[in-house]
Engineer: 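Sharing a structure with you now.
Bear in mind the structure is a predicted one, so any value in this text is a computation, not a measurement.
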Amino acid sequence: MSDISFLNGGDDKLFRSEHFHNIDAKGRMIVPARFREALTDQFIITKGLDKCLFVFTMDEWRLLEQKIENLPMADAGARKFLRFFFGAACESERDEQGRVLIPTNLRRYAEITKEIVTVGVARRLEIWSREIYEQYFNDDALDEDVAVKMALLGI
């Protein structure tokens, strides 16, 4: 089992690593203790890309809201994005045991049933169905895509 942690970069918190675990019968997952400080009491869960869920701190969410203020409502793509990303967003909080309820509509979108993977991706967390996560990383084209991005960054 991998551990999830975050890096402090001044006032910014960057999430990294992955953690494999299960959700309970009520659709709750335990937020690993090392994430709890970074997520604080309330945060946003919404649909992400590639059939995963995105989790944002409230500060990061507010930054996203500011960025979308200038999207033109006459643009069909902008409206579609807003409906997908913001329409599914829900404010969440942990209970006393450190558990978070993942709403049914979001579990359905990400095809989450039991086994999940929580991945730290810089300024957000991603929650994946373990099956979809493993399929995603078994894609041979992914290695080439990652290699190209690494080369662009000089890695």
Engineer: I30: what forms a side-chain contact (heavy atoms from CB on, under 4.5 Å) with it, not counting sequence neighbours?
Structural biologist: R36, R99

Engineer: Can you find a heavy atom in the side chain of T46 that is under 4.5 Å from one in the side chain of L53?
Structural biologist: no

Engineer: Look up atom OG1 in T57 and atom CZ in R123, then write down how far apart they are to the nearest 0.5 Å.
Structural biologist: 9.0 Å

Engineer: Minimum heavy-atom separation for P72 to A78, with atom names?
Structural biologist: O-CB, 3.5 Å

Engineer: Can you run down the salt bridge (Lys or Arg N to Asp or Glu O under 4.0 Å) pairs that involve residues 80-92, sequence neighbours left out, and say none if there aren't any?
Structural biologist: none

Engineer: If I compare all heavy atoms of C90 with all of P103, which pair ends up nearest, and what's the gap?
Structural biologist: SG-CG, 3.4 Å

Engineer: How about F54 and W61: are their ring centres within less than 6.0 Å of each other?
Structural biologist: no

Engineer: Side-chain contact, heavy-atom cut-off 4.5 Å: L82 with M73?
Structural biologist: yes

Engineer: Please check if the side chain of R79 supplies one atom and the backbone of A74 the other of a donor-acceptor pair under 3.5 Å.
Structural biologist: yes

Engineer: My understanding is that only residues two or more places apart in sequence, or in another chain, count here; which of them pass side-chain contact (heavy atoms from CB on, under 4.5 Å) with E93?
Structural biologist: Q42

Engineer: For the CD1 atom of I116 and the CD1 atom of I102, what is their distance to the nearest 0.5 Å?
Structural biologist: 5.0 Å

Engineer: Suppose the criterion is ring-ring contact (aromatic ring centres under 6.0 Å, His included): which pairs have a residue in residues 98-128, not counting sequence neighbours?
Structural biologist: F84-Y109, W128-Y133, W128-Y136

Engineer: What pair of heavy atoms forms the shortest contact from A88 to K47, and how long is it?
Structural biologist: CB-CG, 3.6 Å

Engineer: How far does CG of N22 sit from OG1 of T113, to the nearest 0.5 angstrom?
Structural biologist: 9.5 Å

Engineer: With sequence neighbours left out, write down each residue that passes side-chain contact (heavy atoms from CB on, under 4.5 Å) with L101, or none if nothing qualifies.
Structural biologist: R28, R107

Engineer: When rounded to the nearest 0.5 angstrom, what distance separates CD in E65 from CD1 in I44?
Structural biologist: 7.5 Å

Engineer: Against I112, only a single residue in T104, L106, I23, I132 fulfils side chain to side chain contact (heavy atoms under 4.5 Å, CB included); can you say which?
Structural biologist: I23

Engineer: I need the single residue from E18, R124, H19 that forms a side chain to side chain contact (heavy atoms under 4.5 Å, CB included) with V119. Which is it?
Structural biologist: E18

Engineer: Applying side-chain contact (heavy atoms from CB on, under 4.5 Å), name anything that partners R130, two or more places apart in sequence or on another chain.
Structural biologist: F20, E115, V117, E134

Engineer: Side chains of F81 and I68, heavy atoms from C-beta outward: is any pair under 4.5 Å?
Structural biologist: yes

Engineer: With the 4.5 Å side-chain cut-off for hydrophobic clustering, are M58 and L63 part of the same group?
Structural biologist: no

Engineer: So, does D95 use its side chain to make a donor-acceptor pair with the main chain of Q97 at under 3.5 Å?
Structural biologist: yes

Engineer: Passes side chain to side chain contact (heavy atoms under 4.5 Å, CB included), E60 versus F43? Steps please.
Structural biologist: CA-CA 9 Å; E60 283 298 320; F43 45 90; over 6 Å; no

